[in-house]
Amino acid sequence: MIRFLGKRSTPKKIDHSPQAHPASPSDELPESFASYRNRAQQHGPLGGQQQQSQSSTKSAAPSSSAGAAPTYGNIGGRSASQLGPVEPAKGQYWDRNELPKRFHRARWTEAEMEALESGGASMSA
Amino acid sequence: MFSRLLPRTAARGALQAQNQTPHIIRATPVTSCLQSRISQRRGFATPTEEKDLVIVGGGVAGYVAAIKAGQEGLKVACIEKRGSLGGTCLNVGCIPSKSLLNNSHLYHQILHDTKNRGIEVGDVKLNLEQMMKAKDTSVSGLTKGIEFLFKKNNVEYIKGTGAFADEHTIAVNLVDGGETSVRGKNIFIATGSESTPFPGLEIDEKKVITSTGAIALKEVPKKMVVIGGGIIGLEMGSVWSRLGSEVTVVEFLGQIGGPGMDAEISKNIQKTLGKQGMKFMLNTKVTQGDDSGETVKLDVEASKGGKAQTLDADVVLVAIGRRPYTAGLGLDNIGLETDNRGRLVIDSEYRTKIPHIRVIGDCTFGPMLAHKAEEEAVAAVEFLTKNYGHVNYNAIPSVMYTHPEVAWVGQNEAELKEAGVKYKVGTFPFSANSRAKTNLDTDGMVKFVADAETDRILGIHIVGPNAGEMIAEGTLALEYGASTEDVGRTSHAHPTLAEAFKEAAMATYGKAIHY
């Protein structure tokens with residue numbers, strides 16, 4: 001007979017690397033998944049994560065689908081706080097413009113410039 | 001930083017207002033000037049508040065995800081263009097059809113099944129308009145209920161058509177006019193599905209109808225042809241057959257109910273529906289349709305080729321399936337692709353190739369069922385908040401709400417044969433069940449399919465009264481990995497229809513008592 005196994009708990013180790021959806025008829029992910037992630041991981045802290053995940057995949061036994069597909073980390077699989085410091089390695093430099101648009105410097109508007117230059121007086125004019 | 005540039009009393013309120021909608025600032029000449037200046041420039045943060053989760057589509061997948069996300073404390077917005085929540089299921093699908101199925105069954109029973117029960121009924125008339133009103137009342141009550149749940153769980157409901165402007169931004173054409181945009185750290189696509197049209201027939205929802213038109217006909221058609229003998233076709237065919245239509249179902253395959261329904265169960269329900277007056281043309285294909293006249297003419301012939309004939313109908317119901325609905329979503333703007341059947345491609349955690357964009361419900365893989373969409377909605381939100389979600393695609397029940405109902409979960413005999421699995425079968429007829437006898441409602445049976453060696457339940461198939469409720473027990477058993485003996489040794493109340501379930505389990509590992 002069925003016996004109570006205890007309170008349901010989340011597995012301690014979860015592999016968040018992209019794998020084919022269980023209801024997918026092809027049972028594999030298209031190449032675009034890998035290429036998007038590779039492109040996204042070229043810059044920024046996720047690049048470090050990619051290297052990390054690649055080295056960890058080498059030591060771990062690959063799963064069936066991971067064996068067929070290239071290893072490309074797990075963007076979105078870990079929270080930002082777990083990704084470590086956002087600093088380039090020694091001798092490595094980033095250009096801000098290579099990052100997604102939201103990290104680019106925002107331009108000052110005329111109104112802001114005017115407010116600064118006039119000490120705010122122009123805003124009440 | 002700029003607060004120093006403002007008068008002390010105005011600054012705090014003005015800067016707070018920048019991050020809130022609607023802007024609440026006392027309208028003095030000075031503050032209104034400041035407000036316009038401030039609203040023109042950008043702040044150091046994003047100009048509009050970024051949501052933790054934006055959901056495109058307020059159907060079953062979308063609204064459940066929105067409520068769950070609200071419960072988990074996420075800032076969430078749900079975009080829906082229909083003007084009412086609940087999607088196809090609540091507005092033009094499961095719910096209105098169930099209202100019509102229930103009330104048409106009552107009407108049919110009062111007409112044909114009262115005398116032998118000792119009930120003398122006088123003149124019985126159909127008031128179709130009132131029947132439709134009853135349906136509409138059920139629908140509006142439920143859709144408004146979801147709006148209430150949105151408010152309760154702090155979900156922002158945006159009435160409009162959403163399309164991707166970029167990977168984090170949805171541009172929305174508002175239903176009431178105007179435009180807005182909403183940004184999300186995460187985005188769920190839950191845009192659902194639409195009826196697949198039949199080539200050569202133009203859907204006008206009057207003469208040539210889909211399921212949407214089938215729940216809103218103004219009068220009972222004299223003759224109705226249903227193209228497609230799947231669940232939707234049989235349910236809606238049942239409704240209009242009970243109300244007086246002469247219904248013929250044309251099905252390409254050799255059985256009704258679709259490929260998931262067990263062949264033995266399919267034959268059983270076909271026989272019963274046939275007794276109720278529905279006609280079936282199996283292994284038959286529609287080669288051509290002509291809807292130019294007052295009636296619709298359909299040329300049909302045997303699937304494998306054969307003698308052609310022409311069917312004439314006042315109304316043709318096209319029920320050949322549904323297809324994912326992603327038109328106008330701006331997928332090209334972000335480079336998301338669909339597969340050859342229009343489904344958005346996702347991984348096992350519902351992520352598209354762009355990891356913060358996930359897809360749930362009918363517009364991606366798996367059966368197009370509302371309860372499957374609900375499960376996915378909860379799991380997808382849990383992947384965001386708990387890093388772990390769970391849906392067992394092997395234990396999702398299917399129900400056909402004809403009378404008797406048909407319900408199943410797990411694998412059928414044909415699938416097991418194809419997979420080369422050794423199995424055993426146990427059945428129990430409702431004609432041997434005490435409660436079915438007292439109800440004078442004994443058509444149907446319960447069937448278990450279990451592993452020949454381990455006795456683990458592999459599939460449960462029911463045709464009979466209340467099958468849709470009974471399958472819940474079967475799904476639980478399958479989810480728990482139960483054996484038929486686990487079910488057979490569990491006490492079931494007497495006299496209930498559920499005893500047939502227990503006895504079918506007993507018949508699988510041993511022998512039923514009452515048969």
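Naming convention: chains lettered A, B, ... in sequence-line order (proteins, then strands); numbering from 1 in each chain. We use all heavy atoms of the structure for the numbers below, so side chains are in, but hydrogens, waters and symmetry mates are not.
Summarising the geometry of A/Tyr36 relative to B/Glu167, their closest heavy-atom pair is OH-OE1, 2.8 Å, with the distance given to 0.1 Å. Across all their heavy atoms, B/Ser348 and A/Ala20 have their closest contact at CB-O, 3.7 Å.
A donor-acceptor contact under 3.5 angstrom links the side chains of B/Tyr393 and A/His21, judged on distance only.
Take B/Arg456 and apply the salt bridge (Lys or Arg N to Asp or Glu O under 4.0 Å) test, not counting sequence neighbours, and it matches no residue. By the salt bridge (Lys or Arg N to Asp or Glu O under 4.0 Å) test, B/Asp52 pairs with B/Lys185, sequence neighbours left out.
Residue A/Arg8 touches chain B through its side chain alone, counting heavy-atom pairs closer than 4.5 Å. For A/Ile2, the parts lying under 4.5 angstrom from a heavy atom of chain B are both the backbone and the side chain. Within the 4.5 angstrom heavy-atom criterion, atoms from both the backbone and the side chain of B/Ile354 approach chain A.
With values rounded to the nearest 0.5 angstrom, B/Tyr480 atom OH is found 9.5 Å from A/Leu5 atom CG. Here CZ of B/Arg351 is found 9.5 Å from CG of A/Leu29. Values are rounded to the nearest 0.5 Å. With rounding to the nearest 0.5 Å, the separation of NZ in A/Lys12 from OH in B/Tyr388 is 14.0 Å.
Below 4.5 Å, heavy atoms of chain A meet heavy atoms from B/Phe365, B/Gly366, B/Glu376, all part of residues 365-378 of chain B. Residues of residues 337-345 of chain B placed with any heavy atom under 4.5 Å of a heavy atom in chain A are listed by number as B/Glu337, B/Arg343, B/Val345.
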